[in-house]
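First up is the structure itself, then whatever we jot down about it.
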Amino acid sequence: MTVFEIIGSILLIITCVLITIAVLLQSSKADGISALGGKGAAGLKADAKSMDAKLARITKVLAVVFFVVTLAVYAVSIYF
């Protein structure tokens with residue numbers, strides 16, 4: 001493994017963990033894991049919606065980062 005592959009692998013692991021956290025923190029109709037953060041059914045709806053929007057945006061950005069890093073690591077492993 002080259003240095004670029006090792007750095008890419010570390011970035012992939014970090015991105016995977018962050019995606020998992022972002023998805024788990026998003027509220028659902030059942031108020032699953034998000035209830036642990038103090039935002040249960042009694043929380044403010046406007047605050048919850050804005051937080052869900054931020055988490056959805058973060059999840060999308062992290063997914064794009066994940067795919068770009070994956071393709072970069074693949075390209076480095078083939079061509080270098």
Side-chain angles (χ1 to χ4, degrees):
M1 288 184 86
T2 65
V3 174
F4 294 116
E5 290 175 337
I6 294 171
I7 293 171
S9 299
I10 293 170
L11 286 174
L12 284 174
I13 292 170
I14 292 170
T15 307
C16 288
V17 170
L18 291 175
I19 288 173
T20 304
I21 291 170
V23 169
L24 287 176
L25 287 177
Q26 291 179 10
S27 67
S28 64
K29 292 182 181 180
D31 276 342
I33 195 80
S34 64
L36 294 176
K39 298 286 185 189
L44 297 173
K45 295 293 181 183
D47 186 36
K49 287 183 182 179
S50 66
M51 182 58 98
D52 282 341
K54 288 178 187 176
L55 287 171
R57 184 178 306 140
I58 289 170
T59 303
K60 290 175 189 175
V61 169
L62 287 173
V64 170
V65 169
F66 177 79
F67 284 116
V68 168
V69 171
T70 301
L71 291 175
V73 169
Y74 178 72
V76 166
S77 68
I78 287 182
Y79 297 114
F80 296 107

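Nothing fancy with the numbering, it's 1 onward along the sequence. Note that the structure is predicted; figures quoted are calculated from it, not measured.
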- prompt: If you look at every heavy atom in Gly8 and Val69, which pair is closest and at what distance?
  reply: O-CG1, 3.7 Å
task: Indicate, with yes or no, if Ile6 and Val68 share a hydrophobic cluster defined by side-chain heavy-atom contacts under 4.5 Å among Ile, Leu, Val, Met, Phe, Trp and Tyr.
output: no
- prompt: When clusters are formed by joining ILVMFWY residues with side-chain heavy atoms under 4.5 Å apart, either directly or through shared neighbours, do Val61 and Phe66 land in the same one?
  reply: yes
field: Distance (rounded to the nearest 0.5 Å) between Ile14 CD1 and Ile19 CD1
entry: 12.0 Å
- prompt: So Val73 and Phe4, side-chain contact (heavy atoms from CB on, under 4.5 Å) or not? Walk me through it.
  reply: CA-CA 7 Å; Val73 169; Phe4 294 116; over 6 Å; no
- prompt: Hey, does the side chain of Glu5 reach the backbone of Thr2 with a donor-acceptor pair shorter than 3.5 angstrom?
  reply: yes
Rounded distance (nearest 0.5 Å) linking atom CE of Met51 with atom CD1 of Ile58: 8.0 Å
message: Nearest 0.5 Å, please: how far is CG in Leu12 from OG1 in Thr70?
response: 4.5 Å
Nearest-0.5 Å distance that lies between atom OG in Ser50 and atom CG in Leu55: 9.5 Å
Leu18 with Val64, same ILVMFWY side-chain cluster at under 4.5 Å: no
message: What's the separation between atom CG in Leu62 and atom CD1 in Ile21, rounded to the nearest 0.5 Å?
response: 10.0 Å
field: Hphob cluster co-occupancy, Leu71 + Ile78, side-chain heavy atoms under 4.5 angstrom
entry: no
